[in-house]
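A quick write-up on the structure given underneath.
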Amino acid sequence: MLFTDLFEQYHWDNIKDSIYQKTAADVRHALYKSGKRTLEDFKALVSPAAVPFLEEMAQISHQLTVQRFGKTIQMYAPLYLSNECQNICTYCGFSMDNKVKRITLNPKQIEQEVAVLKEMGYEHVLLVTGEANRTVGVEYFKKVIRLLRPHFSHISMEVQPMDQEEYESLIAEGLDTVLVYQETYHQEDYKKHHPKGRKSNFQYRLETPDRLGKAHIHKIGLGVLIGLEDWRTDCFLVAAHLQYLEKTYWQTKYSISFPRLRPFSGGLPPKVEMNDRELVQLICAYRIFNQEVELSLSTRESEVFRNHVIKLGITHMSAGSKTNPGGYTAEEESLEQFEISDERSPAEIAEMLKIQGYEPVWKDWEIGYSFVEPLTL
Ligand code: SF4
């Protein structure tokens, strides 16, 4: 069985109606029950009925996060390797129909970027590219991971979905984590936003976490692009996907991100706006639903918002990010994928975390930690 089999049993409109019909009593039940929350509880927590309970949700979410993760925030930095892309996506600055200068970093340029990231203190790097198999395919990524492995203890990737064997070959080179966001689980809207290129294959993307689980990846990141469709329904399907994956590939860890649609040159305005209070509600709902999942917040969000949500359930943050290839060094003029909102440096973020009583963690994982040394008798 794959998630796609389960997904066929879900009907968007039914899920949406059921979320919007939840009552205050359903929310209280979800908040104060003992034991694991169900998907029905998650619906209540993201419903409009939960809005008056935001303060209680924040307190419970904070307690659960501190119990599981302590007062720590893991730090990571994106490294944009290429803005070449063979897809048309209506919401992205790298879209193939956007007439901009295209760049793919060569090994020398990557080393220059790495030097800046190391200077900032980073041990966890997230590799990002457009989806362009001919220029940034598996062989390119193998070379990049080989180049980066000595410099970073954790390598994540947010690039095109791949086959299981391709993931296995990258894991063998030292890849730890793959982020693959479905963008939206609304199939009709997905088609409208992805009219051309391999990304238009909804099914292949939806099955990607299954292929990653079968490839025994250390961690998988899930999420949707908030603003494309009703966020409550989309995020319910993320929660359902997470629940399925945890049961099926229990040795893999999971993270969730909740990017809100950001402006970019020629960009698409959100179809559905999510305000700051609603994003807080969502963060708390994910945490109360699942105490193990990592929750990641990027520099898309503003300085003020990021300062305020540290204590609510977030476990991972980026800082000082550049979203254009070569952005940390020479190519300041190349196109960004989206506009950064929080422009503070990693040192400034680390200081802000310390003031709030949190510890910034630069190194959280080492591939060697997963092996038990054989006993010598
Ligand atoms: S979202 Fe990804 S696949 Fe779509 S245009 Fe942007 S880089 Fe390409």
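The figures that follow rest on heavy atoms only: side chains count, while hydrogens, waters and symmetry mates do not. Atoms within each ligand, like the ligands themselves, are counted from 1 in listed order. Numbering of residues begins at 1 and proceeds along the displayed sequence.
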_Working note: Tyr91 + His194, criterion ring-ring contact (aromatic ring centres under 6.0 Å, His included); need CA distance, chi angles, decisive distance, verdict._
CA-CA 9 Å; Tyr91 47 80; His194 308 98; 5.4 Å; yes
*asked:* Please list all pairs meeting ring-ring contact (aromatic ring centres under 6.0 Å, His included) that have one or both residues in residues 26-52, counting only residues at least two apart or in different chains.
replied: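 For residues 26-52: Phe42-Tyr286, Phe42-Phe289.
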Quick one: which ligand 1 atoms are inside 4.0 Å of a heavy atom on [X]?
{"X": "Ser95", "result": "5 (S)"}
{"X": "Asn87", "result": "3 (S)"}
{"X": "Glu131", "result": "3 (S)"}
{"X": "Gly130", "result": "7 (S)"}
{"X": "Cys89", "result": "1 (S), 3 (S), 4 (Fe), 5 (S)"}

_Taking Lys33 first and then Asp41, would you say they form a salt bridge - that is, a charged N and a carboxylate O separated by under 4.0 Å?_
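Result for this pair is yes, salt bridge flagged.
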_Set of ring pair (Phe, Tyr, Trp, His ring centres under 6.0 Å) partners for His186, sequence neighbours left out_ =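 Ring pair (Phe, Tyr, Trp, His ring centres under 6.0 Å) list for His186, sorted by chain: Trp12.
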_Tell me if the NE2 atom of His308 is crowded by more than 12 foreign heavy atoms within 6.0 Å._
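12 or below, so no.
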*Heteroatom test (N, O or S) for Cys92 near atom 6 (Fe) of ligand 1, limit 2.8 Å*: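 Short answer: yes, at least one N, O or S atom is under the cut-off.
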_Ring of Tyr328, cation from Lys322 - is the NZ or CZ under 6.0 Å from the centre and inside 45° of the axis?_
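Judged by the rule, Lys322 and Tyr328 form no cation-pi pair.
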*Closest candidate by heavy atom, reference atom 8 (Fe) of ligand 1, pool Ala132, Cys85, Gly197*: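 Comparing heavy atoms across Ala132, Cys85, Gly197, the nearest one to atom 8 (Fe) of ligand 1 lies in Cys85.
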